[in-house]
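Comments concern the structure below.
Not measured: the values here are computed from a predicted model. Numbered from 1 within each chain, the chains take letters A, B, ... in sequence-line order.
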Number of protein chains: 6
Amino acid sequence: MIKVSDVYSFIDSFAPYESQADFDNSGYMIGNKNADVKKIRVALDLTYDVLKEAKISGADLIVTHHPVIFQPLNSVMCNTVVFDTIKSGISVLCAHTNLDIAENGVNATLIETLGFKNYRNSEKDSFLKIAEIEPMQSDALVKLVSEKLGASVQFNSVRKEIKTVGFCSGAGSFCLYSAACEGADAFITGEAKYNMFIDADESDILLIAAGHFETEVVIVPVLADMLRKQFPAVEVIESKEKSPINHYIG
Amino acid sequence: MIKVSDVYSFIDSFAPYESQADFDNSGYMIGNKNADVKKIRVALDLTYDVLKEAKISGADLIVTHHPVIFQPLNSVMCNTVVFDTIKSGISVLCAHTNLDIAENGVNATLIETLGFKNYRNSEKDSFLKIAEIEPMQSDALVKLVSEKLGASVQFNSVRKEIKTVGFCSGAGSFCLYSAACEGADAFITGEAKYNMFIDADESDILLIAAGHFETEVVIVPVLADMLRKQFPAVEVIESKEKSPINHYIG
Amino acid sequence: MIKVSDVYSFIDSFAPYESQADFDNSGYMIGNKNADVKKIRVALDLTYDVLKEAKISGADLIVTHHPVIFQPLNSVMCNTVVFDTIKSGISVLCAHTNLDIAENGVNATLIETLGFKNYRNSEKDSFLKIAEIEPMQSDALVKLVSEKLGASVQFNSVRKEIKTVGFCSGAGSFCLYSAACEGADAFITGEAKYNMFIDADESDILLIAAGHFETEVVIVPVLADMLRKQFPAVEVIESKEKSPINHYIG
Amino acid sequence: MIKVSDVYSFIDSFAPYESQADFDNSGYMIGNKNADVKKIRVALDLTYDVLKEAKISGADLIVTHHPVIFQPLNSVMCNTVVFDTIKSGISVLCAHTNLDIAENGVNATLIETLGFKNYRNSEKDSFLKIAEIEPMQSDALVKLVSEKLGASVQFNSVRKEIKTVGFCSGAGSFCLYSAACEGADAFITGEAKYNMFIDADESDILLIAAGHFETEVVIVPVLADMLRKQFPAVEVIESKEKSPINHYIG
Amino acid sequence: MIKVSDVYSFIDSFAPYESQADFDNSGYMIGNKNADVKKIRVALDLTYDVLKEAKISGADLIVTHHPVIFQPLNSVMCNTVVFDTIKSGISVLCAHTNLDIAENGVNATLIETLGFKNYRNSEKDSFLKIAEIEPMQSDALVKLVSEKLGASVQFNSVRKEIKTVGFCSGAGSFCLYSAACEGADAFITGEAKYNMFIDADESDILLIAAGHFETEVVIVPVLADMLRKQFPAVEVIESKEKSPINHYIG
Amino acid sequence: MIKVSDVYSFIDSFAPYESQADFDNSGYMIGNKNADVKKIRVALDLTYDVLKEAKISGADLIVTHHPVIFQPLNSVMCNTVVFDTIKSGISVLCAHTNLDIAENGVNATLIETLGFKNYRNSEKDSFLKIAEIEPMQSDALVKLVSEKLGASVQFNSVRKEIKTVGFCSGAGSFCLYSAACEGADAFITGEAKYNMFIDADESDILLIAAGHFETEVVIVPVLADMLRKQFPAVEVIESKEKSPINHYIG
């Protein structure tokens, strides 16, 4: 019988937990390393909705990208998803920054979803990848990103022909400066603070923030497929998540 | 003749520079404390567009909310707005967090722009204000914020009747937890990272991020009017800024 | 019906949580602030034995001196007392350093259990109390402490007449130097590292380490009585704890 | 003639001073590197008793395990062993954590004194060694440790068959978790704080604290012998120390 | 009989040890608080020359301005003045930054030695005093300082009429900026690094570095007199120090 | 046409910018990396005098040893050399600690100017070099240094025959202890604080402080020559600097 620790070891084989960032908390989150696993839910986040789905489907294990415990806990009180998950008896594993930077990980999947190839790892930052693309105008790139990801996107005021693009899925705007140093005409990430759009204008680089959720949720089916292939006897289900952020267009 | 230092002293009288946050850099930015001031531009940010306007209009002084030098400078190279402003001979003053928390400052102006009264300062955080409002449903509040500010807004999934609201203009999402402790049903700020929307769902509080620019630009005419009244001999012009963030709706 | 939060508030009234040390984690640990409380267990530590007793007796709440979560948690795995307590549905409160220093708190109870009166708070350290006692020889004081607490005690090599004694229950040996500054001839605490016995020899002060458990467990009946008087409708039971440290005499 | 620096160099050859822990202060303590050495006292600690013995015997050099200056000194006042040693004209060397971890150092000597062989260095912590032993019950191991070291020992409540044992002499309880990770059934050290016994119970590992003094004093004759062999012309005497901790059994 | 501790208490009465800077180590340095004091040497520094004088004259106590132990000691080896002083049996007290800022302390004595009156404490820095002087040219001030102190002085290139002067004896150049803020035309200190002379040029303030030794040694007779008056039965002798810095004029 | 970036690259080839100390700010300071360069001024510091010379001579680029921006800037106000340089349109590069330690850098040039050969890099500190010299008395060495550099020098009281000398140009006195460890009889640097002369006396090492300016200005003609050889089409002029420190001999 497959154990939770077998799933941990499999993830460790292609996205080593030792490669996680210093600030991260990837790994075992909740439950029992030795529990039997017959059914896995894969999700971006362990929200109440995801937990509810998992309970209904009878899952033994939830594998998420984001750590449900990120800030270490001083207490475990009711009306928190951690408390309710413990009571449910379901185990939880997460693979966060180790999966972001893995060869077929989150950032790589984002780039492939957008239809780009021939990308390489930046030498400046392990979270940054760089692709040379068929030249296109900035407006066309904004439209392409929005359509491929089904996302409302934010972008700055630079208008130019784009040949070199930097990528960092999720909250990756800290890579903007490294991308500029590597000669990128555009930088695509999930979310960026206000001042980054002004800095990008000054640096003459197109900044596209396509949604933390939308740039990362693409990993869920990829990870689910890998688990299915590795553990054919286990049922692996992708959670039907929607972004926790709603938009009202003013 | 009015000097740059007179404008500094006037701002200091209602938004004391000593009250600025530790991380802030409010005060003199560029130029000459003793320069004569006949024409002032007021703006949220010192961008190239704002500088260009100021040059064309012949301004002696630009007063901004955000410090154009925030991260201290290790060099001053061309193709930066700091370099070009120095060459222009225009002086620059900023009033950032000291203006955020002033009695008639940015946060107060935001609340009044939204049509709320009877707000008070939080005891938990000097950047947070709390208002008791006429009860309304969460959807109505989202719509009201969007319409009053002319903003596309992001919000989480909590749906409830709203009676108590917390406010922090700009990048104020760090006040979410203090607002929840003070019993707020909703919290309105400028921008918030992805995980804050999930935390707000778990804390059962409506989080509305109405735009860093849109929640703060409301201070520009207010500050311009105060300067006009104090210095009738000086021409005070509000910059015609637009947000550095554009939206493409997917 | 009494709630967990009522018990918290009562403890806060005589041992304010705000007075806890910076390194401490006193307060709500596990469960539900709003849960009804009909039966309370009081204990020094939340061990498996204490949890088992609490489950058998049908307790709703366990109040402990030591925080069961001291080092913040990065995960909550099975085979830990935190995990099993969450699954049990029992709530947990703790009162640690705030209770140590309270007027009728742990340190004061220790002094009274030893039969000393006329003690005062040190001005050097809030964890230290000083008593003037009837002069006795050091050997007599060692014997008295051992007998009153039923404890095997460790002590250094100073032999002298003792008139002034410092006290800090538990892991209080950091107060040795403050006690010496206040003119103490002897200092009584729960446990002390090896080098403290050498330092005490050099400082010519008698150091008695009478057991972390034995110098603190005296608070359990005192706290139980206070809870009984405050909440007559609640059944309050003292856990039958024994020290986690066993001795084999070589 | 042998110099103090020759003794330093000899110790450095098998317990390199560069290998000492960051927090340590091993090396020259007091006196004269170039002084002639005809008589050495070897001791665990430089106490007044050890100094007195050294003076009476006419020693030129005292070699200790523990640094007599550990917390750097802001003053050197009388009624301290440092002051009196300086006045005595005797030089002092110490070899602390560099000797703990040396091949034939303190920890290795402890293990051999207990009668165990086939130990190895842990990969988790340089202060930890691991031995596979002939399986025995926990009570038997407690008795064996107490008898071999002539020590009163403290131990927790785990009862099980012991096959794998971790060792760290002195104040080594920080290695408990590493020992558990390496599969140890028991961990033997000198002293441990109260909460470590509770943690050991939760981790299902037998914790034996056999005395800081008793687990380390075994190095004194070993070190003395090494010095005798290396410097046949020098008289090397082992101090007749007793533990600074006395026990009164309650 | 006067004790060392009586001298400490007297100094504490006009230059409280609690007022010393965080980085300082003023107070008891070496010896015995309870030793009898019949003869005191007063000096700026405890050098070998000062120690030799003290031994020859049969002093019981040396009072210095600079702490002979400033960087805490990890060892006490021979061929250091600390070691030799301990062996001499003489006690040592120091009064450093507490004496710098005392009402009749080092800085005040410097100002009076230079012939200035009507000085006040700066509000910006407790080490800085400000005096309004009879206007004089910068060259005249340089000459005056050199002649009054018998010092070779270093100064920058500012030439102007001087009305307001800042003072900080010793290594006080960190006060240059505060002095400039308080409107000083000149700032006099003991020593300053190279870049401070360039900064002073840019700030249009005359910087005079008149010697660490020369700006502080003026306190020696003042302190000696205070001790003589307070302790008439004690012989108080001023050390005949010369600066440890020699000059070769190129 | 030669660009500013070509000059940067040339300096980087023999004094790599990556080798600069953590505290340093060597590199581009002001202006335009892509500006054409026909005329270069080389100077130790960018003072007003140096800027004035550069303007008069029509220089495009100033290369200095010391960074004109060392403490990062929170504002750029008039009456500062940074402000005026920006307005002048001249670019500025600096090469500080990377040039100090380069093979033919500042420290090496100092040693050669003094007439010493056969020097080596210290293993203790990258800023320190050591030379074995023809034995001479300390007084002769002081005289030699003063005469070769045309400097007024400060020195301590050690008098001995000098065979081994340590060197660190500029503010290098932190290398005194490393020099002593390497067996130096004398240590030559630019400037040293008062207490270093006392420490040098105690360590029996001759300390010579020959002027920050005088020990470093020797690099200016060397660097100018290298630039002339590399860029024959560019006019390279050495600034006629004098030390910002004047001396009045008391």
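Using a 4.5 Å cut-off between heavy atoms, C:D45 contacts chain D through its side chain alone, with no backbone atom that close. Of the two parts of C:F213, the backbone and the side chain both hold a non-hydrogen atom closer than 4.5 Å to a non-hydrogen atom of chain D. Proximity to chain D (any heavy atom under 4.5 Å) is restricted, for C:Y48, to the side chain, taken from C-beta onward. If you measure heavy-atom distances from C:E202 to chain D, the contacts under 4.5 Å come from both the backbone and the side chain. Contact annotation for C:A209: neither backbone nor side-chain heavy atoms come within less than 4.5 Å of a heavy atom of chain D. Heavy atoms of C:A171 lying under 4.5 Å from chain D belong exclusively to its side chain. C:K242 touches chain D through its side chain: at least one heavy atom from C-beta onward sits under 4.5 Å away, while N, CA, C and O do not. Neither the backbone nor the side chain of D:A210 comes within less than 4.5 Å of any heavy atom in chain C.
Chosen from C:K193, C:E147, C:E214, the residue pairing most often with chain D at heavy-atom distances under 4.5 Å is C:K193. Considering only heavy-atom pairs separated by less than 4.5 Å from chain D, the leading option among C:V142, C:V153, C:D204 is C:V153. Comparing D:L149, D:N156, D:V145 by how many heavy-atom pairs each has under 4.5 Å with chain C, the most go to D:N156.
No side-chain heavy atom of D:H212 sits less than 4.5 Å from a side-chain heavy atom of C:F197.
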Checking side chain to side chain contact (heavy atoms under 4.5 Å, CB included) for the pair D:D201/C:T47: CA distance, chi angles, key distance, verdict?
CA-CA 9 Å; D:D201 281 345; C:T47 59; over 6 Å; no
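Within a 6.0 Å sphere centred on NZ of C:K148, other residues, nucleotides and ligands contribute 12 heavy atoms or fewer. Crowding of D:K52 atom NZ: a count of heavy atoms from other residues, nucleotides or ligands under 6.0 Å not exceeding 12. For C:K55, the NZ atom sits in a packed shell: over 12 heavy atoms of surrounding residues, nucleotides or ligands are nearer than 6.0 Å.
Put simply, CD on D:E191 and CD on C:Q154 are 8.5 Å apart, with the number rounded to the nearest 0.5 Å. To the nearest 0.5 angstrom, D:Y248 atom OH is 11.5 Å from C:I208 atom CD1.
Relative orientation of the C:Y194 and D:H66 rings is tilted, given thresholds of 30° and 60° on the angle between their planes.
Between D:N246 and C:S157 the shortest heavy-atom distance is ND2-OG, 3.7 Å.
The interface of residues 71-92 of chain C with chain D, defined by heavy-atom distances below 4.5 Å, comprises C:N79, C:T80, C:V81.
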